[in-house]
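To start, the structure itself, in structure tokens.
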Amino acid sequence: MQQNTSSAPIVSLRNVQKSFGPLRVLDGVSFAVERGEVLALIGRSGSGKSTALRCIDRFEKVDGGEIVVCGHRVDRPDVDLRALRQDVGIVFQSYNLFPHLTIEQNITLAPCAVKGMATARAKDLARKVLAQVGLEEKLHAYPEQLSGGQQQRAAIARSLAMQPKVMLFDEVTSALDPELTAEVLKVIEQLAADGMTMVMVTHEMGFAKGIADRIVFMHRGKVHETGPASILTTPTTPELTQFVGTGNLKS
Amino acid sequence: MGGHLNVNHLMFLGQGALWTIGLSVIALIGGGIVGFVIALARISPLKSVRLASAVYVQLVQGTPLLVILFLGYFGLAAIGLKVSPLVAASASLTLYVAAYLGEIWRGCIQSVPKPQWEAAEGLALTRTQRMIKVILPQAIRIATPPTVGFMVQIIKNTSLASVVGFVELMRSGQIVNNSLFEPFAIYAIIAVTYFAMCYPLSLFSQRLERRMGRGRSNLAPA
């Protein structure tokens with residue numbers, strides 16, 4: 001199994017099609033993410049980047065094409081969703097911590113319920129992943145007692161506790177002010193340095209440039225331009241030029 | 001016949017009031033259990049289960065409780081089951097309350113923000129685990145005020161059980177009146193007694209709702 005997947009990409013999309021009613025959101029999207037790689041999906045609102053990300057974890061079913069994630073054929077109807085989601089961690093824009101549970105309970109819930117981990121071990125694990133995101137002291141706090149940035153870091157810790165092979169980040173800093181954004185980005189940077197495979201949808205161009213091994217620029221449901229982070233400084237298509245231009249103006 | 005309202009009459013009315021409370025509790029527990037199943041069935045991934053539960057809810061909500069009570073009492077007798085007024089009233093009220101609580105609770109479960117379901121799904125929890133550990137604890141908080149509010153309806157509606165001969169508060173009032181012929185005084189006492197049972201629940205429900213309003217940010221972190 002280990003040898004089987006080590007050569008193949010962790011995530012691969014091939015000619016993926018997806019429509020919401022008459023609206024074609026993904027129109028033949030293909031890209032691959034290698035082990036340890038950080039891929040940034042960028043593009044305008046409505047370009048299909050978030051949908052593409054959600055297809056990887058099968059929060060959206062695709063109409064056509066092939067998606068393989070850690071050996072799971074995600075495009076097939078018989079895909080083992082629970083196995084897939086143990087391999088894939090996802091972090092959302094709105095944190096989505098469970099408000100009725102403490103941070104510790106948020107983190108230990110899935111390892112105990114899904115992997116059958118003993119409570120004591122899960123609690124150790126919770127302390128470990130919280131230390132990783134710099135929130136050890138919030139173990140017994142409820143989500144509402146945390147700032148947005150802290151909640152998002154706790155949500156990242158919750159995902160990490162499942163020891164995923166790949167992490168998906170869906171605009172995880174879009175609800176945060178610049179200061180809180182910085183603390184969340186620092187955590188993600190550390191994860192990248194530790195060799196975590198990541199796919200992130202982001203509007204933070206400076207961050208994408210700094211951390212991503214590869215950029216996928218999406219435009220009207222297609223991969224419009226792709227390449228190393230340097231394409232953000234020297235874009236070849238007028239669409240990416242314009243996008244990067246407006247992005248710089250905004251920041 | 002005739003005479004004046006005395007302690008014995010009041011004791012009889014008090015006994016009726018206790019049966020009103022008893023029948024209400026039975027209806028709440030029975031209706032709560034069946035209603036919980038209905039609520040889950042209404043959001044089942046299986047279309048046939050959703051459809052069947054929706055039909056049930058529509059049928060009951062589209063039928064007067066009075067008719068359901070008669071159907072329960074005479075219907076069960078017609079298929080050979082001799083049932084007491086208490087059993088007939090309990091069964092009918094259970095079916096009735098289940099339809100309403102089922103709908104109320106379905107709404108509460110569905111008003112837990114969708115991202116909460118997705119976050120639980122993303123963590124590889126099974127549907128049952130998502131429901132028990134993530135969704136229901138939040139839904140119960142949302143459901144408490146309307147459920148307490150609906151208990152007021154249950155208490156008032158038990159008065160209809162008097163038509164199948166069940167001696168609760170309303171029926172005991174009718175019986176006392178039959179001997180005293182003082183309808184205004186007696187029904188005034190009955191009205192005040194119902195009010196005394198219902199008003200505290202209404203107040204409680206309102207207070208719960210206000211408290212929920214303050215804690216709303218807990219439910220939708222964003």
Side-chain angles (χ1 to χ4, degrees), chain A residues 53-54 56-60 72 80-101 105-116 142-148 150-152 154-164 167-170 174-176, chain B residues 36 39-40 43-48 50 104-148 208-222:
Chain A
L53 188 86
R54 287 168 59 83
I56 296 173
D57 209 7
R58 208 165 185 261
F59 280 114
E60 310 290 348
H72 307 285
D80 183 346
L81 282 179
R82 293 191 65 213
L84 169 71
R85 283 161 181 167
Q86 288 184 55
D87 287 339
V88 181
I90 185 163
V91 183
F92 304 88
Q93 181 182 337
S94 53
Y95 336 133
N96 305 341
L97 291 171
F98 306 132
H100 59 294
L101 301 178
Q105 291 167 332
N106 262 279
I107 295 172
T108 55
L109 173 60
C112 290
V114 177
K115 293 187 167 174
Y142 281 90
E144 59 172 343
Q145 297 166 310
L146 269 55
S147 74
Q150 291 172 330
Q151 288 193 44
Q152 193 58 293
I156 293 171
R158 182 174 67 179
S159 262
L160 286 176
M162 288 296 279
Q163 291 159 322
M167 292 272 284
L168 310 177
F169 294 92
D170 190 3
S174 297
L176 301 171
Chain B
F36 182 68
L40 293 181
I43 55 168
S44 163
L46 298 173
K47 198 177 175 193
S48 55
R50 284 203 304 274
I104 292 172
W105 291 346
R106 173 193 59 81
C108 292
I109 291 170
Q110 286 182 328
S111 67
V112 173
K114 196 166 165 257
Q116 289 284 316
W117 294 82
E118 289 194 339
E121 230 181 306
L123 288 167
L125 298 175
T126 63
R127 191 183 157 82
T128 313
Q129 289 171 336
R130 296 200 291 269
M131 203 51 135
I132 293 173
K133 294 177 189 281
V134 176
I135 303 303
L136 286 181
Q138 298 183 60
I140 286 168
R141 291 192 45 183
I142 306 173
T144 308
T147 305
V148 173
L208 283 173
E209 220 162 287
R210 271 202 302 276
R211 198 187 297 168
M212 288 292 298
R214 276 209 300 277
R216 182 137 295 168
S217 59
N218 298 351
L219 295 166

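Computed from a predicted model, the values in this text were never measured in an experiment. Values reported hereafter were calculated over all heavy atoms of this structure, with side chains retained and with hydrogens, waters and symmetry mates removed.
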Q: Report yes if the side chains of A:Gln93 and B:Pro115 come closer than 4.5 Å at any heavy-atom pair, otherwise no.
A: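 Answer no - side chains too far apart.
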Q. Does any heavy atom of chain B fall under 4.5 Å from the side chain of A:Phe98, the backbone, both, or neither of them?
A.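 It is both, since atoms from each part get that close.
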Q | Choice from A:Lys115, A:Met162, A:Arg54, A:Arg58 maximising heavy atom contacts with chain B below 4.5 Å | A | A:Arg54
Q.
Heavy-atom pairs under 4.5 Å with chain B: which of A:Leu109, A:Val91, A:Leu101, A:Leu81 has the most?
A. A:Leu109
**Q.** Closest approach of B:Lys133 to A:Ala113 (non-hydrogen atoms, all atoms of both residues)
**A.**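 The answer is CE-CB, 4.2 Å.
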**Q.** Shortest non-hydrogen separation from A:Pro99 to B:Gln116 and the atoms involved
**A.**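 What the structure gives for the nearest pair is CD-OE1, 3.5 Å.
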Q. Any donor-acceptor pair under 3.5 Å linking the side chain of A:His100 with the backbone of B:Ile135?
A. no
(Q) Just verifying a value: how many Å separate B:Glu121 CD and A:Ile90 CD1, rounded to the nearest 0.5 Å? (A)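 Spacing of CD (B:Glu121) from CD1 (A:Ile90) equals 10.0 Å.
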Q | side-chain contact (heavy atoms from CB on, under 4.5 Å), paired with B:Leu123, selected from A:Gln86, A:Arg85, A:Arg158 | A |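 Only one option passes, and that is A:Arg158.
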Q | Proximal component of B:Glu118, with respect to chain A [non-hydrogen, under 4.5 Å] | A |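 Both parts, heavy atoms under 4.5 Å.
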Q. What do the steps show when you test B:Gln129 against A:Val114 for side-chain contact (heavy atoms from CB on, under 4.5 Å), and what is the final call?
A. CA-CA 9 Å; B:Gln129 289 171 336; A:Val114 177; 4.3 Å; yes
